[in-house]
Amino acid sequence: MRIIASLVCLTACVVCFGQATQQRPSSELQLAVGDDGRHFFYSIPHPEQVRRAWIEVLDRPLLLDRKPVAIQANGTLDWEWDRSSLNDYEQPEDNLEVSIWDPNGETLTCDINTVMTSHPGGIVSGATVGGRQQFTPAPRLGHTWVRAAQGMGAITFDAMGQDLGQSTKFRMDASRGGRCRQQSFHAQVLDLAHVRITVDPDCLQSPGILLVTTSNDTEDGATVHVASKSSPKLDSVSPASLPDDLRQDKMKLILRGRGFTKDSLVYAGYYPDAGDYQTDQLWPETEYVSSTELRVHVDPAHAGDYTVAQPAGEKLRFWVRGNEEKWELSQPFDVTLRHTSRPLPNGRLSESDFRRWKPKTAIVTAVSPFPIRLMNEHSPKELAVSIRGENFSSEDKVMFSFGSDVNNDKEVRSEYISPTMLRAWLPRQFWRKHAVCYCLVVETKEGKRYTRQVDEKGGD
């Protein structure tokens, strides 16, 4: 049984109910609470002078529930009051996260037959913005990919991430053929979602794969493919543009360059080393013609009814792979997709056919106030939060969440200010220190009210 402290309610007119009469009271109002707020013991002096009495449960200042009690000198009450306004899934280690639902995003569903279906609109970006007891964001980098040539000078590029901060620590993994000392790369955090990475020339002297990660997430990061000097050269793709409604099985391209071999393979996508079908744009078949010419098409078995822009995008990116053991990879070449007036077909994407394109979706780069502290009974009912970022639209929705339970997700009132600014209002009751208390309230026949309060111990 929890021990409950008894205190005089701050809103009481007087401490002692008996002071409202000409008689000296034999005792004051008394209230004791046990069994985690389910069992109540109370005492009312001079019950003959009382019109009505009740017990209130508050998460100050919010009234959660109330229940009448019998007017008697000594009474008990067993009561399962309404706890719906208190979240049973809150945990001390909870972090508060903000995220954006964007119409340009994508929501994926998978049915019992493992058929994956894509629906427009989805959560596209987020940030950890507060902690219930301790603010513990988990910085990580996304799948940024950069090609560098063996022997070139220093390179600098921007990488995407989440929860980045000035205290974020980064590391270099050179276990896949590359060579790089930890002190030979530098990371400058620009905001919550961007970091500028500089790789010194000594890291680019040997071909291989370099991976920059955060210290707490060593799986995902920014990849630098140091292509060997023997890599093929891709100079052009013909035609250089295609209508976006062209069926994939009708696409035929000629690639010209130097250093092609019978083992050369053409890859279509932004991440040649990913080894993940989700990042592929097409599955081209490569036909070797000569050391300066390759031809590609898409096998009808892989093409289905899809167009070259299914899902929709602005360009196709092509690379030529050489000997993978020597880290041979050409520079990329982009084929423009011309928009046509005819609508693209909408189809179900099977698991094997699902491909992820990179539309311009919302990105959260800063939040104010930051971090967002737990609110209390003196805080406003809603906290105004400014969200800065990129690619915001008037259809974007702001979500706040904590923990892993869906009951802890909430869409909040928000306002579109500009493509780089949203304003949202976080309800106090969603992110606050709880102040649960129990009050015995009596009303005399003369209309005067007296209270006795019990604060719940062990709360926030």
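Predicted model only: the values in this text are computed from it and were never measured.
A cation-pi arrangement is not found for Arg428 relative to Trp431, the charged atom failing to lie both closer than 6.0 Å to the ring centre and inside a 45° cone about the ring normal.
With a 4.5 Å cut-off on side-chain heavy atoms, Val189 and Phe170 count as touching. The shortest side-chain heavy-atom distance between Ser231 and His225 does not fall under the 4.5 Å cut-off. Arg38 places none of its side-chain heavy atoms less than 4.5 Å from the side chain of Asp78. Using a 4.5 Å heavy-atom cutoff, the side chains of Leu294 and Tyr288 are in contact. For the pair Asp280/Tyr267, a side-chain contact is recorded, criterion being any heavy-atom separation below 4.5 Å from C-beta on. Residues Val266 and Phe318 have side chains in contact (heavy-atom distance under 4.5 Å, counting atoms from C-beta outward). Using a 4.5 Å heavy-atom threshold, the side chains of Leu96 and Leu426 count as touching. Inter-residue side-chain proximity for Val412 and Trp425 is flagged as unmet; no heavy-atom pair is nearer than 4.5 Å.
Between the side chain of Arg321 and the backbone N or O of Pro272 there is at least one donor-acceptor pair closer than 3.5 Å. With hydrogens and angles ignored, the 3.5 Å screen pairs no side-chain donor or acceptor of Thr213 with any backbone N or O of Glu219. At least one donor-acceptor pair closer than 3.5 Å links the side chain of Thr214 to the backbone N or O of Pro139. Checking side-chain atoms of Asp65 against main-chain N and O of Asp82 turns up a donor-acceptor pair under 3.5 Å. Formation of a donor-acceptor pair under 3.5 Å by the Gln281 side chain with backbone atoms of Arg317 is found in this model. Side-chain atoms of Ser414 never come within 3.5 Å of backbone atoms of Ala424 as a donor-acceptor pair (strictly under, hydrogens ignored). Glu287 contributes no side-chain N or O that, together with a main-chain N or O of Val296, makes up a donor-acceptor pair within less than 3.5 Å. Not one N or O on the side chain of Glu293 forms a donor-acceptor pair closer than 3.5 Å with the backbone of Arg256. Under the 3.5 Å distance criterion, the side-chain polar atoms of Asp334 are left unmatched by any main-chain donor or acceptor of Lys315. Between the side chain of Trp319 and the backbone N or O of Leu234, no donor-acceptor pair lies under 3.5 Å.
Using modelled atom types, one finds a donor on one side chain and an acceptor on the other under 3.5 Å when comparing Trp145 with Asp273. Side-chain contact, Thr340 with Asp244: a donor N or O sits under 3.5 Å from an acceptor N or O. Side-chain atoms of His434 and Glu456 include no donor-acceptor pair closer than 3.5 Å. No side-chain donor from either of Asn95 and Thr128 sits under 3.5 Å from a side-chain acceptor of the other. Using modelled atom types, one finds a donor on one side chain and an acceptor on the other under 3.5 Å when comparing Glu328 with Ser230. A side-chain donor-acceptor contact under 3.5 Å links Thr198 and Thr156.
Note that CH2 of Trp81 and CG of Leu64 are 5.5 Å apart. Values are rounded to the nearest 0.5 Å. In this structure, CZ in Phe185 is found 10.0 Å from CG in Leu210, a value given to the nearest 0.5 Å. The structure places CD of Gln150 at 11.5 Å from NZ of Lys326, a figure rounded to the nearest 0.5 Å. Taken to the nearest 0.5 Å, the CG atom of Leu62 stands 5.0 Å off from the CD atom of Gln429. A distance of 11.5 Å separates OG1 in Thr168 from CG in Asp217, rounded to the nearest 0.5 Å. Rounded to the nearest 0.5 angstrom, Lys397 NZ and Leu422 CG are separated by 13.5 Å.
Scanning all heavy atoms of the two residues, the minimum distance from Gly177 to Ser206 falls at O-CB, 4.5 Å. Closest non-hydrogen pair, Pro232 versus Leu329, comes out as CD-N, 4.2 Å. In terms of heavy-atom proximity, Ala159 sits nearest to Ala222 at CB-CB, 4.0 Å. Of all heavy-atom pairs between Met375 and Pro380, the closest is SD-O, 4.2 Å. Residues Thr365 and Gly389 approach most closely at OG1-CA, 3.3 Å, considering heavy atoms. Of all heavy-atom pairs between Thr307 and Gln248, the closest is O-NE2, 2.9 Å.
Enclosure of atom CD in Glu325 is not indicated, since only 12 or fewer non-hydrogen atoms of other residues, nucleotides or ligands lie within 6.0 angstrom. In Arg247, the CZ atom is crowded: over 12 heavy atoms of neighbouring residues, nucleotides or ligands sit closer than 6.0 Å. More than 12 non-hydrogen atoms from other residues, nucleotides or ligands lie less than 6.0 angstrom from OH of Tyr416. Remark: Lys250 NZ is loosely packed, at most 12 non-hydrogen atoms of other residues, nucleotides or ligands lying under 6.0 Å away. Within 6.0 Å of atom CZ in Arg147, more than 12 heavy atoms from other residues, nucleotides or ligands are found, so the atom counts as buried in its surroundings.
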*Could you walk me through whether His186 and Asp200 pass the side chain to side chain contact (heavy atoms under 4.5 Å, CB included) check?*
CA-CA 8 Å; His186 318 278; Asp200 292 343; 3.2 Å; yes
_Steps toward side chain to side chain contact (heavy atoms under 4.5 Å, CB included) verdict (Val454, Phe40)_ = CA-CA 11 Å; Val454 171; Phe40 300 83; over 6 Å; no
*Evaluate side chain to side chain contact (heavy atoms under 4.5 Å, CB included) for Met160 paired with His194, printing each intermediate quantity in order.*
CA-CA 5 Å; Met160 294 290 296; His194 297 92; 3.3 Å; yes
*Test log, rule side chain to side chain contact (heavy atoms under 4.5 Å, CB included), inputs Leu204 and Val199*: CA-CA 8 Å; Leu204 308 177; Val199 181; 4.1 Å; yes
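A salt bridge links Glu377 with Arg60; the closest basic N to acidic carboxylate O contact falls under 4.0 Å. Salt-bridge check for Asp59 with Arg432: passed, with a basic side-chain N closer than 4.0 Å to an acidic carboxylate O. Between Glu93 and Arg132 no salt bridge is recorded (no basic side-chain N to carboxylate O distance below 4.0 Å).
Counting only residues at least two apart or on different chains, the salt bridge (Lys or Arg N to Asp or Glu O under 4.0 Å) pairs with a member in residues 159-173 are Arg140-Asp163. For residues 162-209, the set of pairs meeting the disulfide (SG to SG under 2.5 Å) definition, not counting sequence neighbours, comprises Cys180-Cys203.
If you look at Phe402 and Phe430, their ring centroids are closer than 6.0 Å.
Arg258 is linked by a salt bridge (Lys or Arg N to Asp or Glu O under 4.0 Å) to nothing, counting only residues two or more places apart in sequence or in another chain.
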